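As C-alpha cells, the structure follows; a few thoughts come after it.
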Amino acid sequence: MAKRLTEVARKAGVSEATVSRVLNGRGGVSESTRTAVLTALDVLGYERPTKLRGERARLVGLVLPELQNPIFPALAEVVTGTLAQRGYTPALCARTIGGVSESDYVEMLLDHQVSGIIFAGGSYALAAASHDHYRRLTDRGLPVVLVNAGIDELGFPRVSTDDAVAVEQAYGHLRSLGHERIGMVLGPEDHVPSRRKLAALARIAGWRDPDECVERSSFSMEGARVAAAKLVGRGVTGVICASDVVALGTIRAVRRLGLSVPDDVSVVGFDDSAFMTCTDPPLTTVRQPIETMGQAAVDLLVTQIEGAGVLRDELLFEPELVVRGSTGPAPGR
C-alpha cells in the first residue's frame, strides 16, 4: 500500500496524504486534483477502490495496428498531444504479431474505465474480420472514433482521407506523364480503403475487368514486392500503391527485375510518411492530412465524452499529391 501511494503521488504530482484522501473518499480535495489522482491510478495499472470504479477516468485509449509503418507513430504524436491539451491522458495500445489482440486491448481499456477510444487501422476496416468487440463498446455507450474508412454498420463517427480523390490525383499525374498501362498494389480484398481506391480507379479509367491491373498484398515490403513483380511482368509502367511501405516494396521489385524507377516504371505511394524524401529515389506519394485528421478525431471524441451530440457521418479530408523522383515520363516519351 505504501509503495502504491508513493507511485501514485509521484505520477499525479501531489502528496501521499492527498492520494489517501482521494482513495478514501474524503473531502478537502479539488476536482482537478481528484481527477489527476484517479488518472494516475489508472495509468499505473492499480485497481480503483470499489466505490470509485463506476467513474470513468480522464484516460483515452489509442489503438494502432503497428508502429513500424511511420504513419502510425505520426498519428499517435498528433492524437496524444491534442488529448493532453484537452486535459486527457492517452493510453497507447499498439498491436504486434503474436501479441495482444485488438479485442484484448479493448477489454484492458474497459477495465481501466477509459473515457473513450480512438482506433486507427483496426479490424473495422476489414469486412471479413470479427467486429464483436466494437459492438461491446456500442452496448456500453462508450465514445469511439475510427480513423479511415471502415464497414458502415458499426455506426461510429469516422475521420477519413478521401480515397477517391487520392486515386484521382495519382492517376491524373501518371496519365500526364504519358503512362497508359497503370496498375495498383492494394491491401487485402476485404480492406475497405483498398476497395474504395479500386472502385475510384475503375470508374476513372473505365476498367471493366480490373483483375489484370490489380494485385493484392499485405501492408509489407515483402508482400508488395511479390505483387508488384506480377504487374511489371504484365507490362505495367505506372503503379499506384496503397501505402508508402507498399510503394517501397514495389520499387524493390522493379530493381530486382533489372529495371529502373522512374525510367522504366513510375511508382506512387500513399501516406507521405516520415523519411519518404530520403528514399532512393525520393517517393512521389499522396499525403494524408494526418495532423488535421488527428485533431478532428480528438475533437469528435471529446464532444461525445462531454455529452454533446455528434454526427455519425464520415468526415472526409482531401489529400495532397506530392511529386518527387519516383515518377517520370512513360518509357518512349
Side-chain angles (χ1 to χ4, degrees), residues 42-43 45 59-84 86 88-112 114-126 129-134 136-137 142-151 154 156-161 163 187-188 190-194 218-221 223 242-246 248 269-276 287-302 314-315 317 319:
D42 295 327
V43 171
L59 187 67
V60 169
L62 173 60
V63 183
L64 303 175
E66 58 167 314
L67 292 177
Q68 290 184 325
N69 185 334
I71 199 65
F72 292 116
L75 176 66
E77 183 177 7
V78 174
V79 170
T80 56
T82 307
L83 283 169
R86 302 291 292 269
Y88 290 87
T89 300
L92 178 60
C93 304
R95 305 198 307 277
T96 57
I97 296 175
V100 180
S101 68
E102 187 176 68
S103 60
D104 288 338
Y105 271 132
V106 166
E107 293 301 321
M108 292 166 61
L109 292 170
L110 289 175
D111 287 344
H112 282 85
V114 293
S115 295
I117 305 177
I118 296 173
F119 290 92
S123 56
Y124 63 86
L126 298 171
S130 172
H131 303 116
D132 291 343
H133 53 291
Y134 299 122
R136 283 205 63 208
L137 299 176
L142 193 75
V144 170
V145 174
L146 309 179
V147 178
N148 276 330
I151 62 172
L154 292 175
F156 296 132
R158 284 173 288 170
V159 172
S160 303
T161 299
D163 290 302
D190 68 333
H191 183 244
V192 176
S194 292
S218 60
F219 285 92
S220 67
M221 284 196 289
S243 75
D244 290 343
V245 172
V246 169
L248 295 180
F270 178 79
D271 283 337
D272 195 28
S273 46
F275 310 121
M276 291 306 106
R287 176 183 294 159
Q288 291 200 70
I290 287 298
E291 184 167 353
T292 306
M293 291 171 62
Q295 292 171 348
V298 173
D299 288 343
L300 281 173
L301 192 76
V302 172
E314 183 176 19
L315 298 182
F317 289 79

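When a residue number appears, it is its place in the shown sequence, counting from 1. All figures in this text were calculated on a predicted structure; none of them were measured in a lab. In what follows, every heavy atom counts, from backbone to side chain, and hydrogens, waters and symmetry copies are set aside.
Val106 is listed as a side-chain neighbour of Phe119, based on a closest heavy-atom distance under 4.5 Å. Side-chain contact between Val147 and Val79 is absent, with no heavy-atom pair separated by less than 4.5 Å. Residues Leu62 and Pro90 fail the side-chain proximity criterion, which asks for heavy atoms closer than 4.5 Å. In this structure the side chain of Val246 reaches within 4.5 angstrom of the side chain of Phe219, judged on heavy atoms.
Tyr134 places a side-chain N or O within 3.5 Å of a backbone atom of Ser123 that can act as its donor or acceptor partner. Looking only at distances, a side-chain donor or acceptor of Ser194 sits under 3.5 Å from a matching main-chain atom of Gly187. Judged purely by atom type and a 3.5 angstrom limit, Tyr105 has no side-chain atom pairing as donor or acceptor with the backbone of Val63. Between the side chain of His191 and the backbone N or O of Ala125 there is no donor-acceptor pair closer than 3.5 Å.
Asn69 CG to Leu75 CG: the interatomic distance, rounded to the nearest 0.5 Å, is 11.0 Å. Separating the CG atom in Leu146 from the CG atom in Leu301 is a distance of 10.5 Å, to the nearest 0.5 Å. Distance check: Phe270 CZ to Ile71 CD1 gives 8.5 Å after rounding to the nearest 0.5 Å. Atom OG of Ser115 and atom CG of Leu109 lie 11.0 Å apart (nearest 0.5 Å). Rounded to the nearest 0.5 Å, atoms CG (Leu154) and NE2 (His131) are 6.0 Å apart. We find the OG1-NE2 distance between Thr89 and His112 to be 12.0 Å, quoted to the nearest 0.5 Å.
Shortest non-hydrogen contact noted between Val192 and Ala149 is CG1-CB, 3.9 Å.
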Asp299 vs Arg86, test: side chain to side chain contact (heavy atoms under 4.5 Å, CB included). Steps then yes/no. CA-CA 9 Å; Asp299 288 343; Arg86 302 291 292 269; 2.7 Å; yes
Are Leu248 and Asp244 close enough, and set up right, to give a side chain to side chain contact (heavy atoms under 4.5 Å, CB included), and what steps lead you there? CA-CA 6 Å; Leu248 295 180; Asp244 290 343; 5.5 Å; no
Trace of the side chain to side chain contact (heavy atoms under 4.5 Å, CB included) decision for Val100 with Met108: CA-CA 10 Å; Val100 180; Met108 292 166 61; 4.2 Å; yes
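Judged as a salt bridge (charged side-chain N to carboxylate O under 4.0 Å, His left out), not a single pair has a partner in residues 68-83 (not counting sequence neighbours).
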Side-chain polar contacts of residues 287-297 - donor-acceptor pairs under 3.5 angstrom, sequence neighbours left out - could you list them?
from   : atom 1 : to     : atom 2 : distance (Å)
Arg287 : NE     : Asp272 : OD2    : 2.6
Arg287 : NH1    : Glu320 : OE1    : 3.4
Arg287 : NH2    : Asp272 : OD2    : 2.9
Gln288 : OE1    : Asn148 : ND2    : 3.0
Gln288 : OE1    : Thr161 : OG1    : 2.5
Gln288 : NE2    : Asp271 : OD1    : 2.6

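Checked against salt bridge (charged side-chain N to carboxylate O under 4.0 Å, His left out), Asp190 has no partners two or more places apart in sequence or in another chain.
Each of Val78, Val60, Ile118 was evaluated against Val298; a single residue qualifies, Ile118, per the side chain to side chain contact (heavy atoms under 4.5 Å, CB included) test.
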